A.B. asks: 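Below is the structure I would like to discuss, written out as C-alpha cells.
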Amino acid sequence: MPYLDNSLLIFTDLDGSLLDHDDYSWKPAQGWLTRLAEHQVPVVITTSKTAAEVTALQQALNLTDVPFIAENGAVIALPESWGDHLAWPRKVFGAEYGEIRKIIDALRLRYDFECRGFGDVDAAQVADWTGLQPDEARLAMAREGSEPLVWFGDERDLKRFEGYLNQEGLMLTRGGRFWHVMGAGVSKGQAVQWLAGEYRRLRGHPMVTIGLGDGPNDLSMLEAVDHAVVIRGHHDQPMPLANEQHDRVFRTTLYGPQGWKQGLDHFIHKSGQA
Ligand SMILES: [Mg+2]
C-alpha cells in the first residue's frame with residue numbers, strides 16, 4: 001500500500017473523475033488535494049483537453065509547478081522549474097499539429113474525403129459542435145499534437161482514410177462525436193510511462209504511481225500505473241483491465257470527485273501522518 005510521501009506520483013483524468021460530470025466541481029476531492037500538496041506529491045492532470053484549456057484549471061486547482069498531460073497523451077506540458085529539461089516546455093509525442101494538418105489536407109485533396117477538423121472551421125462552428133462558449137472553443141482549438149474531426153463520408157471511405165493515415169505514422173481513434181487524428185501509439189498510458197520515468201530519474205528513487213479515471217480513454221493510463229482507481233462513470237462501456245488484482249485495481253461505487261476521494265482513501269496509507 002502506498003505511503004503519503006515523496007515517492008508517490010498521481011495521474012488523474014479531469015471530467016467525470018477529479019471534476020464532477022455536471023458542474024465541474026472538485027470540492028469532495030479538496031481535502032486530498034491539500035494533503036497531497038502538503039506532502040509534495042505531484043498530481044498530474046491527464047486529459048483529452050488542450051494545454052491551453054488546462055492551464056487556467058491547473059492554477060485553480062493549485063497544482064502549480066507540476067507537469068500535465070494534454071490531448072490524450074500527445075502533449076506533456078512541463079513547468080518553469082523543469083526549464084533545464086531537454087523537452088521543456090513541451091514534449092510532443094507522434095507528430096506536431098502542423099504536420100498532422102498537412103497530411104489531412106493532402107489526403108483530402110487527393111481522395112476527396114469528406115471531413116472537417118477544428119483547423120478547418122471558426123470558433124463559432126467548434127462552439128456549435130461541442131456546446132462550448134466561443135472563447136472556450138478558441139482554447140480547445142489551440143491544438144499541439146492531435147486533430148479532432150467530424151466525418152461526413154461513409155464507413156468505407158473512413159476505413160481508407162484510416163489506412164492512409166497509418167501509412168503516414170498517424171492513427172485514428174474515436175472519442176464521443178469526434179474522430180481524433182494523432183501519432184500512432186500515442187496514449188495517456190504512454191505519456192504516463194514517460195513522465196513516471198522522468199520523475200524517477202530527477203528524484204533518484206523509485207516512484208509509486210496511482211492513476212484515476214472514469215472512461216475508456218483512461219484505460220491505457222490505468223494499465224500503466226501501479227495502482228488504478230476506476231471511477232464509476234456515467235456511461236455503460238466496459239472498463240476491462242489486464243491485471244485486476246485486488247491490491248492493484250479499485251473500482252469506486254461513487255461518481256466523479258466523490259469516487260476520486262474514495263479511491264485515494266482506499267489506496268493511500270495514512271499512518272504516521274501529522
Ligand atoms: Mg473522464
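Just the heavy atoms: all of them, side chains too, but no hydrogens, waters or symmetry mates, feed the values below. One-based numbering, in listed order, for ligands and for the atoms of each. In this text the structure is predicted, and so the values were computed from the model without any measurement.
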A.B. asks: Assert yes or no for the condition that the ring centre distance of Y199 to W82 is strictly below 6.0 Å.
C.D. replies: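 Judged by ring-centre distance (under 6.0 Å), Y199 and W82 do meet the cut-off.
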
A.B. asks: So which N/O/S atom does D13 have closest to the Mg ion (ligand 1)?
C.D. replies: OD2

A.B. asks: We want to know whether E38 and T34 form a side-chain donor-acceptor pair, criterion being a heavy-atom distance below 3.5 angstrom.
C.D. replies: no

A.B. asks: Restricting to N/O/S, name the atom of D214 that gets closest to the Mg ion (ligand 1).
C.D. replies: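 Of all N, O or S atoms in D214, the Mg ion (ligand 1) lies closest to OD1.
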
A.B. asks: Measure from the ring center of W151 to the ring center of F161 and say whether it is less than 6.0 Å.
C.D. replies: yes

A.B. asks: Does a donor on one side chain sit under 3.5 Å from an acceptor on the other, for N72 and S48?
C.D. replies: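 The answer is no; no qualifying pair exists.
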
A.B. asks: Give the name of the N/O/S atom in D15 that lies closest to the Mg ion (ligand 1).
C.D. replies: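 Relative to the Mg ion (ligand 1), the closest nitrogen, oxygen or sulfur of D15 carries the name O.
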
